[in-house]
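Okay, structure first, notes after.
Lettering of chains follows the sequences in order, A, B, ..., and the numbering in each one begins at 1.
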There are 2 protein chains.
Amino acid sequence: MARNRVVKRKQSKADISRDKVLAAAVQVFSEKGYAGATMREVARVAGLSAGSLYYYFSSKELMMEAVINVSINNVSKTVLNAIAVQPPSASYSEKIKVAIKAHLQGILSSGANAVISRYLWVQIPDEVKRKHFIAQSAYEEFWLNLLIAAQEAGEIRTDLDVRLTRTIMLSAINAALDWYRPDGKSVDEIAETFFKIIKEGIVISGESDGPALTAPEAKKEATALK
Amino acid sequence: MARNRVVKRKQSKADISRDKVLAAAVQVFSEKGYAGATMREVARVAGLSAGSLYYYFSSKELMMEAVINVSINNVSKTVLNAIAVQPPSASYSEKIKVAIKAHLQGILSSGANAVISRYLWVQIPDEVKRKHFIAQSAYEEFWLNLLIAAQEAGEIRTDLDVRLTRTIMLSAINAALDWYRPDGKSVDEIAETFFKIIKEGIVISGESDGPALTAPEAKKEATALK
DNA sequence: GTCTATATGGTGATAGAC
DNA sequence: GTCTATCACCATATAGAC
């Protein structure tokens, strides 16, 4: 889109500055929130004057939209690509593992970018929100289909609601943005633990009140507590 | 603390107004973010004039702090209480299930309150953040101890890092704040699915490449993708 | 307690020189 | 392209009447 000379040449001076501004915007928005971020601070971080920003983004809202767009497809492209290179012989379990790891790497490497679409969601102008929502939905659909296929292949339990499971899985992984620190566990270790828990759970096999079922069964559980 | 006539009488007119302001603040902060929220709007929602707010909170920052404090201990009290009434005979698996359900109910019923401590975290003034952090840590410690006890009792796998598992579990449940809608699955259903996945995983028992282990074993997994 | 001013400062955005 | 001004507005917070 913008800068319709997409095919040829390397970055012009304008493109370089635009990227610099965008990077600064990502940082400031993620630290201060949409309303809390000021054009003056974005400019300062970018090394420009406040007025100059308007050469690249004609409003704060459009700047926000650009910031979000950068992050949107990053993760989904990473994951789709990781799945695509899997051999057809790969089990769904393996595919899911690869997808989990790719998703985790995707969100954590895009850093502040991904933080924005989570923390700032509620404060984002409606029109920006709408566009982001559409791209997000398509990606979530991919995960749903992956789980459904795995279920039909007999690899995962049928007593779990697929949509709910998908939502829980994705949101659980996304939540790593809240607590991941570069000086802690490695992304690989985290992805590994995620996969183990999602795949097999935390309980020791054969333990106590009922293992994973193929068909709906244990139904009168829960309902404790209020 | 504040209003040191805690023990006696019912709410004075001032207390009622204070609560009204606090509730309005919760709503507006959660919708607009810390910086995006205006005292004028809080006042409007509370049915007061902007200036009147300062009778109860001498600054926007202190108002924010009050809002956060309301939500902090709600969830942890709910969970601790739910665990306390469990019979000593209850397995750790049962305790964990009860804790999951209580935590989920806690965050979802406190609604916008809990949203604040997640969405607005990055925008919160440092001093407020610090206090919130301490209370949060104590609660997370409780979960850690629960998992450690379960592990020592031989109920859960020892090949999972306990801290990481705790973090994943809690953040996964908290993430329900992002996607829960009152017109969708019931809280009970969601808690049930959470527990099933966390306990047993999504894979059909006995399936493919290795079930849950008691001891560290399968170690050369993963490392695919980059 | 709650109001109506209002002081004071910061914000997004624009205009026009270079 | 980037700057320096500057406008018009809205924010938090205060003062003092009721």
Side-chain angles (χ1 to χ4, degrees), chain A residues 2-5 9-29 31-68 120 123-128, chain B residues 2-5 9-29 31-68 120 123-128:
Chain A
R3 260 66 337 217
N4 53 5
R5 182 214 17 39
R9 286 287 188 272
K10 61 186 167 86
Q11 289 196 320
S12 69
K13 181 180 172 190
D15 286 335
I16 291 173
S17 261
R18 203 190 126 98
D19 286 351
K20 210 169 50 181
V21 171
L22 207 48
V26 165
Q27 182 187 321
V28 177
F29 278 132
E31 284 170 3
K32 302 297 172 63
Y34 177 69
T38 68
M39 298 299 268
R40 282 165 171 78
E41 187 172 359
V42 172
R44 191 181 53 75
V45 172
L48 291 175
S49 72
S52 304
L53 299 182
Y54 290 85
Y55 178 78
Y56 299 102
F57 303 98
S58 57
S59 74
K60 186 183 180 183
E61 182 167 331
L62 283 175
M63 181 184 278
M64 179 67 166
E65 182 171 341
V67 164
I68 291 230
L120 308 190
Q123 312 165 39
I124 290 170
D126 281 347
E127 177 58 16
V128 180
Chain B
R3 254 96 301 237
N4 53 2
R5 183 217 13 43
R9 285 286 187 272
K10 60 186 168 81
Q11 289 196 318
S12 70
K13 182 179 173 190
D15 286 335
I16 292 173
S17 261
R18 205 190 124 98
D19 287 351
K20 210 167 52 180
V21 170
L22 208 48
V26 165
Q27 182 188 323
V28 176
F29 279 130
E31 285 170 1
K32 303 297 172 63
Y34 178 69
T38 68
M39 298 300 265
R40 283 167 166 74
E41 188 172 1
V42 172
R44 193 181 52 75
V45 172
L48 291 176
S49 73
S52 303
L53 298 181
Y54 290 84
Y55 178 78
Y56 300 102
F57 303 98
S58 57
S59 74
K60 185 183 181 182
E61 182 167 330
L62 284 175
M63 181 183 278
M64 180 68 164
E65 182 173 341
V67 163
I68 291 229
L120 308 190
Q123 311 165 38
I124 290 171
D126 281 348
E127 176 57 17
V128 180

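Regarding A:L53, its CG atom lies at a distance of 10 Å from the P atom of C:dG12, rounded to whole Å. The distance from atom CG of A:D19 to atom P of D:dG1 is 14 Å, rounded to the nearest whole Å. Regarding A:M64, its CE atom lies at a distance of 13 Å from the P atom of C:dG12, rounded to whole Å. In this structure, the CD atom of A:E41 is 10 Å from the P atom of C:dG12, given to the nearest Å. Distance B:M39 CE to D:dT14 C1': 12 Å, rounded to the nearest Å. The nearest whole Å value for the distance from the CE atom in B:M63 to the C1' atom in D:dA11 is 14 Å. Atom OH in A:Y54 sits roughly 15 Å away from atom C1' in D:dA5 (whole-Å rounding). As rounded to whole Å, 6 Å separates atom P of C:dT2 from atom NZ of B:K20.
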Check against side-chain contact (heavy atoms from CB on, under 4.5 Å), B:R18 and B:Y55: CA-CA 9 Å; B:R18 205 190 124 98; B:Y55 178 78; over 6 Å; no

Test side-chain contact (heavy atoms from CB on, under 4.5 Å) on A:F57 and A:M64; report intermediate values, then the result. CA-CA 9 Å; A:F57 303 98; A:M64 179 67 166; over 6 Å; no

Step-by-step side-chain contact (heavy atoms from CB on, under 4.5 Å) determination, A:K32 to A:T38: CA-CA 9 Å; A:K32 302 297 172 63; A:T38 68; over 6 Å; no

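Nearest nucleotide to the A:S52 side chain, out of C:dT2, C:dA13, D:dT2: D:dT2.
If you check distances only, the side chain of A:R40 does reach the base of C:dG12 with a donor-acceptor pair under 3.5 Å.
One N or O on the side chain of B:K60 and one on the backbone of B:Y34 form a donor-acceptor pair closer than 3.5 Å.
To the nearest 0.5 angstrom, B:L48 atom CG is 6.5 Å from B:Y56 atom OH.
Using a 4.0 Å heavy-atom cutoff across all strands shown, A:A43 reaches no nucleic acid atom at all.
Where B:L48 and A:T38 meet DNA chain C, the nucleotide closest to each residue was compared, and B:L48 sits on the side nearer the 5' end.
Between A:Y55 and D:dG1 there is a side-chain N or O to OP1 or OP2 distance below 4.0 Å. Within the structure, a side-chain polar atom (N or O) of A:S49 is placed less than 4.0 Å from OP1 or OP2 of D:dC3. Between A:S59 and C:dG12 there is no side-chain polar atom (N or O) within less than 4.0 angstrom of OP1 or OP2.
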